[in-house]
Colleague: 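For reference, the structure I am asking about is given below.
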Amino acid sequence: MSSISKLLRRALLANGAFSALCGVLFFFNEKMLGLLLGVNLPTVIYILSSGLVLYALWLFWNARRDEVGMREAWLAVGMDLAWVVGSFVLIQFEVLNPIGNWLVAVLATIVLMFAVLQFLGITRRARPQSFWARPWLPLIAVLLLLGEIGFAFTHVPLADVRTSQLKREGYTASAAQKGKELLQRVAARHGLAAWQNYRVAEMVGVDEWAEGTTSWWPQQQQRLKMQTLLRTFTSRVELLDRGAQNEVLGIHAWRGYKKSSEESAPRFVEEDVLTFYLPALHYFAELPLRLLHAEFVAYGGEKTLRGKKYHLLYATWGSFAPNAEHDQYLLWIDPETLLVEICWYTVRDRITWATGTIYFEDYREVQGVTFSFRHTIVLPRPEATLFPLEQNFFHRLLFERVQFDGFDEQTLLLDPAEKVGDFKPRRNTGAR
């Protein structure tokens, strides 16, 4: 067997083993599956597998027919492509159910079996020539892989949380009218009339991050007090844990700042925790009420999840279809209570193809406003979320106390001359 043949086998083995590993995660490790789905598994598979596929095909193209098992090579490439395309189709078209997962697992198992046969075939033969013995071969492989990664990142589609119905039918007048009427009813149920009369809100609680994740705060379980100027993105957080007590982080007119107990004036700094995370926390605390100003609102149909039926309501700005500037939101609404229980959303500020899901629980009435005291954030979409949430969350906010108009709004206005409101500057594209 020539060195080209051995390299081909090795490339096919690596490719098959990687695909099989991803497939096995479907079958044995549901929590890891959820995390992979949260970061768009088809894109990850495409980026990592396509480079190896092209490399294997390139080697095959340059090998002589009498030195390579033709049917074996084509079978390897065919099964690998079947796994990549199959997993992409099943996930992209929302076949996220036991049957879909089993189909992907079967595809991956076939690839795994072939990888084992390849490994046994290689070990039974003479030791292959070192991959690095011909430096131009790995160089071309690396260039191909980099090219594929570059192509993938420039052509990765934007995350799209629209329902199949909305994708198929588009932005129809009936869907828009029904969606806006439903959103008005939902906002009223959440306390719109009372909320419009308040200027500020204060929330005290704990932001808890799951073990193994990186918290935005100094602590994995950070106790904090958040004060917000309603209907804007101006807010501040005071860290209450020992060691960080009285340390304040805030954002005003889209400028982040910090202030310790020893400082007389705030320090303006550029940090994601200030210009991304604080506005996100603020926005989700007021979500059903803030979405009233969305440019595109549409009823997305009904869906049953875990035995419960929901109304689906879609909202975004800029264009009905995905765009790189504005986030999309898909609300899952209890038809009986009209409370928002789940929101599937995009994260344009961070990764254009990423999404997250937030679960709103423990609703209580506070001064006429119906407020969720538990916000649980997970990476997978609602259909792929694993329960119980306590064992599979990314992070969660557990509020102890919520109060409206309990402090002077001037506390949040560092410079009253600077404009604040329900907008984001274009350099901070994403959620409005």
Side-chain angles (χ1 to χ4, degrees), residues 94 96-97 161-169 171-198 201 203 205 230 283-294 296-316 328-345 355-378 380-393 396-400 402 404:
E94 303 182 7
L96 291 170
N97 51 48
V161 303
R162 290 178 300 170
T163 64
S164 300
Q165 175 180 320
L166 292 176
K167 292 177 183 177
R168 181 177 61 255
E169 299 177 359
Y171 191 54
T172 64
S174 60
Q177 180 180 353
K178 189 172 182 179
K180 291 175 182 177
E181 291 175 353
L182 176 59
L183 184 55
Q184 285 288 344
R185 293 166 57 206
V186 168
R189 175 65 179 86
H190 282 77
L192 175 63
W195 177 77
Q196 289 176 323
N197 292 323
Y198 298 129
M203 295 154 275
L230 298 178
Y283 197 74
F284 279 114
E286 304 177 48
L287 185 65
L289 308 169
R290 296 284 285 271
L291 287 181
L292 283 170
H293 301 292
F296 295 92
V297 175
Y299 182 71
E302 294 182 349
K303 196 159 192 175
T304 300
L305 183 65
R306 295 176 57 82
K308 183 174 182 178
K309 184 177 291 186
Y310 291 92
H311 288 310
L312 301 183
L313 186 64
Y314 171 75
T316 191
Q328 300 172 299
Y329 300 88
L330 186 68
L331 305 183
W332 295 59
I333 300 162
D334 186 319
E336 296 182 3
T337 66
L338 291 180
L339 294 176
V340 175
E341 293 193 357
I342 308 171
C343 176
W344 187 34
Y345 59 92
T355 64
T357 303
I358 182 168
Y359 288 79
F360 296 100
E361 301 172 298
D362 190 14
Y363 274 102
R364 308 178 198 174
E365 185 173 329
V366 180
Q367 297 171 247
V369 177
T370 305
F371 189 88
S372 167
F373 275 66
R374 183 186 299 119
H375 300 178
T376 304
I377 294 86
V378 300
R381 60 188 300 164
E383 296 92 335
T385 300
L386 302 174
F387 287 82
L389 290 176
E390 290 74 14
Q391 298 178 11
N392 298 285
F393 67 93
R396 60 181 177 178
L397 286 149
L398 306 173
F399 295 109
E400 304 164 3
V402 176
F404 294 96

Colleague: Is the closest side-chain heavy-atom distance between Leu331 and Tyr345 below 4.5 Å?
Modeller: no
Colleague: Measure the CG-CZ distance between Asp362 and Phe399 for me, rounded to the nearest 0.5 Å.
Modeller: 11.0 Å
Colleague: Measuring from Leu291:CG to Tyr329:OH, what's the distance to the nearest 0.5 Å?
Modeller: 7.0 Å
Colleague: State whether Lys309 and Asp334 are salt-bridged, where the test is any N-O pair (Lys NZ or Arg NE/NH1/NH2 against Asp/Glu carboxylate O) under 4.0 Å.
Modeller: no
Colleague: Hey, could you give me the CG/CD distance between Leu292 and Gln184, rounded to the nearest 0.5 Å?
Modeller: 5.0 Å
Colleague: Which distance, rounded to the nearest 0.5 Å, do you find between the CH2 of Trp195 and the CG of Leu289?
Modeller: 5.0 Å
Colleague: Taking C-beta and beyond as the side chain, do His311 and Leu182 meet within less than 4.5 Å on heavy atoms?
Modeller: yes
Colleague: If you measure from CG on Leu192 to CZ on Arg185, what distance do you get to the nearest 0.5 Å?
Modeller: 14.5 Å
Colleague: Looking at Met203, Arg364, Glu365, which hits side chain to side chain contact (heavy atoms under 4.5 Å, CB included) with Phe371?
Modeller: Met203
Colleague: Shortest non-hydrogen contact from Val378 to Asn392?
Modeller: CG1-O, 3.7 Å
Colleague: Please name the residue in the list Val297, Val161, Thr163 that meets the side chain to side chain contact (heavy atoms under 4.5 Å, CB included) test with Tyr314.
Modeller: Val161
Colleague: Just how far is it from atom CD of Glu341 to atom CD1 of Ile358, taken to the nearest 0.5 Å?
Modeller: 13.0 Å
Colleague: Taking all heavy atoms of Cys343 and all of Leu287, pick out the closest pair and write down the distance.
Modeller: SG-CD2, 3.7 Å
Colleague: Measure from the ring center of Tyr359 to the ring center of His375 and say whether it is less than 6.0 Å.
Modeller: no
Colleague: Is the distance between the ring centroids of Phe373 and Tyr363 under 6.0 Å?
Modeller: no
